[in-house]
Asks: 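Got a structure for you, written out below as structure tokens; questions coming shortly.
Proteins get letters first, then strands, A, B, ... in listed order; numbering begins at 1 in each. Note: hydrogens, waters and symmetry copies are ignored here, and every other heavy atom, side chains too, is used.
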Number of protein chains: 4
Amino acid sequence: MSDREDQLVGEFPLIPKQERAQLKRDLLLKSGHELFILKGYEHTTAKEIAANAGVATGTFYRYFSDKRQLLMSLLEDQIEMLMPPEPKWGVSDPESTLASLLEAHDKRIKEMGMQRVLPELLAKDTEFAEVLAAAKRKIFTRILSGLTKAYAKGLTWKDLDLNTVTWSLMTLAEHAPEKVKQCGIVTDYREVAKVICRLIFPPEVIKNLQSEVSTVEKE
Amino acid sequence: MSDREDQLVGEFPLIPKQERAQLKRDLLLKSGHELFILKGYEHTTAKEIAANAGVATGTFYRYFSDKRQLLMSLLEDQIEMLMPPEPKWGVSDPESTLASLLEAHDKRIKEMGMQRVLPELLAKDTEFAEVLAAAKRKIFTRILSGLTKAYAKGLTWKDLDLNTVTWSLMTLAEHAPEKVKQCGIVTDYREVAKVICRLIFPPEVIKNLQSEVSTVEKE
Amino acid sequence: MSDREDQLVGEFPLIPKQERAQLKRDLLLKSGHELFILKGYEHTTAKEIAANAGVATGTFYRYFSDKRQLLMSLLEDQIEMLMPPEPKWGVSDPESTLASLLEAHDKRIKEMGMQRVLPELLAKDTEFAEVLAAAKRKIFTRILSGLTKAYAKGLTWKDLDLNTVTWSLMTLAEHAPEKVKQCGIVTDYREVAKVICRLIFPPEVIKNLQSEVSTVEKE
Amino acid sequence: MSDREDQLVGEFPLIPKQERAQLKRDLLLKSGHELFILKGYEHTTAKEIAANAGVATGTFYRYFSDKRQLLMSLLEDQIEMLMPPEPKWGVSDPESTLASLLEAHDKRIKEMGMQRVLPELLAKDTEFAEVLAAAKRKIFTRILSGLTKAYAKGLTWKDLDLNTVTWSLMTLAEHAPEKVKQCGIVTDYREVAKVICRLIFPPEVIKNLQSEVSTVEKE
DNA sequence: AATGAATGAGTATTCATTCAT
DNA sequence: TATGAATGAATACTCATTCAT
């Protein structure tokens, strides 16, 4: 049914204009997301994205200046998901907490499905790489501040550089999902969590923290 | 200049044919290397590689069946460099040893300059990803075997999974060079080495190993 | 010009979309036809066909997957024309009938203009050769069945193989148009028809048939 | 062994220069012939012809200005073979004679193997088409003269145009080898010969000629 | 706003021909 | 003469983007 007919028959336009536009934009984003994951960024064409979204090629360009911009919009929505969460140390058994955080993070990354596309982009798109680097710096600061507090409480190793520990922590957390591909071993988040915790806390601290928790739990 | 004239005017410093061909091949490899780093693999054309090497387009295809093959040749030369060296634990101060190994590895990677290109390839070229994964599995086994020996000697943490430690170790070593970009802090290999060592050895083991070394040095 | 203006300024002779597309397709077919005849199939490029049709290269590929497909479309329209018509023997003066059939056939072939291109295709394109061969076999069967009926009526030579006569008949009809080029003599369809008839009928049969006709005409 | 050494050791050049050159030329011709038949003219490259002949690419261009010239040389040698022989009518049983002539001609054509290439050339190469047409006109004249003599002796049909008969004769002879492909029937030269003879001679003439022969044979 | 036909610059690859050795 | 590496114009086809409807 055309716009013209709409007006002739006096049908009430159920969806407000802006909302309808937003709908198309979302359709396009979804379509792009699917295809980028399926075929890679470079090998997806604007025409395909439009067709897959059920709109005309030209419509794509009404909502996005180009393919790259669609991708950027996609990433803006998702970049938060890439960020590992900041754990609160010294509150509960750090190993269990971390293990479940890692697993949850991994899950979200997988749901997002953009891992396949990101490396291609990082390599090619300087601007995007910078956006991501900035995000990482932000999370770095957050984690570092957490560790600094733990350090002040005397919970962490005294002889390790906190900056380096923070970086190691992020690096391991970020790459944990790839463990299988690289080494042929299934990722056991509990073990990764133990290793990461060892980077931060001396074993006896962990024990104390764990017993505190169980004490609390028993009470 | 004819053959006859050659003899009249005496020796002309001719480069043997094979050598000349090798020269061109090398020129092309070098040119491809430069451009892949500069513009990324996908955005470099065979024509450009040839032009940048100062030869005609057709010449490119005499030496390489296509762009991908040139890249593969490039990588064959360099894949060894990607492999972190296997350290001998318990022989000398592990932290210093590891620090210098990391630094050397990082240096080679930087010389190679392919970091920018690799992620793009891994995402796109399944075959290449498999080659690299295989190489990584190999190095994984080597490192694990080293750690197992150290474990047998009672040098390592007793409560950490050696597989996971090995993976962490490789991951940190591999990504150490990116530390700057990601966190804005200059990579201090000494600190990274200390962190990695902490993953493997309890602090007192390190101390013992270091004192042994200094004892030997003093004698 | 906007939709709104359209209505203000009155009717603008818009060609419906589909028709316009058909128009372009036809332009391209015509252009391809011209160039194939002018330069041969192999030496005509898609780009040229497009340029000659006054459209962009890409437009060519919107309507045809490639050069070969355009040619096939061209031939589909024309293959019927290649088929010599099946004459009804014994109904009227066979020589006159045949002569006019030959002339008409020749005319159509010339209009089609593809003679120059066909040999090239037959040599190169096995699939096409088979299509044409199948068509020829079909017409062969039709003609043979006509001759068999004439044979049953005792109209034909008794000592000639009907298969061979059929083949000869087709061959002569097919190549009649080339007579000029090959021998420098203008094609007189009447004479070719007489020759072909002699292959089929003894002279006295022809005479009888002709007198029957004139008898009927006189009545 | 190089030319230089040849001269130093005083070895006697067994093959005279010219002859050696002729040898290479022949090798190239043979190689081109093979490949043209195998892959078609357009799809054979000069490099391949040279390689297949066991010489360098450049050598090809010493002996032939280009691919086309090689082909022309090839055809010059073979064009005679394309010419159907001129039969002497009225000397022996015309049907048998013609049958064996046709068979021999067909055989030579097949040996020559160029049928696959000729149509491609005729379509593309005007000059070549003219050369061939000229040759055909020559043979046309020869055959026509034979027929005229037979006509003078009262051997031929009186009501058929000799030009047209000549052309029909040539056309049928030329295309006889294709009979199988076109109609799915094996070529029986005896039947084709009978048909062709019927075009020329009334049946009773043939009978007379045949009986004469057997009379002569009996004597 | 929406459409999708049209555009044409851009890409990988081939091959006839030249020319330094 | 012979070589074969080098050349670069040419070709088929794609796709981001525009624009008339």
Asks: Could you give the CD1-to-P distance, from Ile49(A) to dC15(F), as a whole number of Å?
Replies: 12 Å
Asks: What is the distance, rounded to the nearest whole Å, between atom CG of Leu70(D) and atom P of dA16(E)?
Replies: 12 Å
Asks: For Gln22(B) and dG4(F), give me the distance from atom CD to atom P, rounded to whole Å.
Replies: 18 Å
Asks: With respect to the phosphate group of dT1(F), does any side-chain polar atom (N or O) of Tyr63(D) fall under 4.0 Å of OP1 or OP2?
Replies: no
Asks: List for me each residue that meets salt bridge (Lys or Arg N to Asp or Glu O under 4.0 Å) alongside Glu34(A), sequence neighbours excluded, and say none if there are none.
Replies: Lys30(A)
Asks: Tyr41(B) OH to dA12(E) P: how many Å, rounded?
Replies: 9 Å
Asks: Please map the stems of DNA chain F, keeping only stretches of three or more Watson-Crick or G-U wobble pairs with both distances under 3.5 angstrom.
Replies: E:2-21 with F:2-21
Asks: Tabulate protein N/O versus nucleotide N/O from nucleotides 8-14 of chain F, keeping only pairs under 3.5 Å, one per line.
Replies:
from, atom 1, to, atom 2, distance (Å)
dG8(F), N7, Gly58(B), N, 3.3
dC13(F), OP2, Tyr61(C), OH, 3.4

Asks: Distance check, rounded to the nearest 0.5 Å: Leu27(B) atom CG versus Gln22(B) atom CD?
Replies: 10.5 Å
Asks: Just verifying a value: how many Å separate Leu74(A) CG and Glu76(A) CD, rounded to the nearest 0.5 Å?
Replies: 10.0 Å
Asks: List in chain and number order the residues that pass side chain to side chain contact (heavy atoms under 4.5 Å, CB included) with Ser65(C), two or more places apart in sequence or in another chain; answer none if no residue qualifies.
Replies: Gln69(C)
Asks: Which of residues 27-34 of chain D sit near DNA chain F, with a heavy atom under 4.0 Å from it?
Replies: none
Asks: Between dA2(E) atom P and Leu23(A) atom CG, what is the distance in whole Å?
Replies: 11 Å
Asks: Go through Leu71(D) and Phe64(D) one step at a time and tell me if the side-chain contact (heavy atoms from CB on, under 4.5 Å) criterion holds.
Replies: CA-CA 10 Å; Leu71(D) 179 81; Phe64(D) 303 96; over 6 Å; no
Asks: Please tabulate, one pair per line, all N/O donor-acceptor pairs under 3.5 Å involving side-chain atoms of residues 49-61 of chain C, not counting sequence neighbours.
Replies:
from, atom 1, to, atom 2, distance (Å)
Asn52(C), OD1, Ser31(C), OG, 2.9

Asks: Assess the residue pair Leu23(C) and Asp26(C) against the criterion (side-chain contact (heavy atoms from CB on, under 4.5 Å)); give the C-alpha distance rounded to whole Å, side-chain angles, the decisive distance to 0.1 Å, and a yes or no.
Replies: CA-CA 5 Å; Leu23(C) 215 70; Asp26(C) 289 346; 5.7 Å; no
Asks: Working to the nearest 0.5 Å, report the span between CG of Leu132(A) and CG of Leu75(A).
Replies: 8.5 Å
Asks: Thr45(D): what forms a side chain to side chain donor-acceptor pair (under 3.5 Å) with it, not counting sequence neighbours?
Replies: Glu48(D)
Asks: Tell me which pairs pass salt bridge (charged side-chain N to carboxylate O under 4.0 Å, His left out) where either residue lies in residues 58-73 of chain A, with sequence neighbours left out.
Replies: Arg68(A)-Asp125(A), Arg68(A)-Glu127(A)
Asks: Whole angstrom is fine here: how far is it from CZ in Phe64(B) over to P in dA5(F)?
Replies: 14 Å
Asks: Among all residues two or more places apart in sequence or in another chain, which pass the side chain to side chain donor-acceptor pair (under 3.5 Å) test with Lys47(C)?
Replies: none
Asks: Check whether any side-chain N or O of Arg62(A) sits under 4.0 Å from OP1 or OP2 of dA1(E), and answer yes or no.
Replies: yes
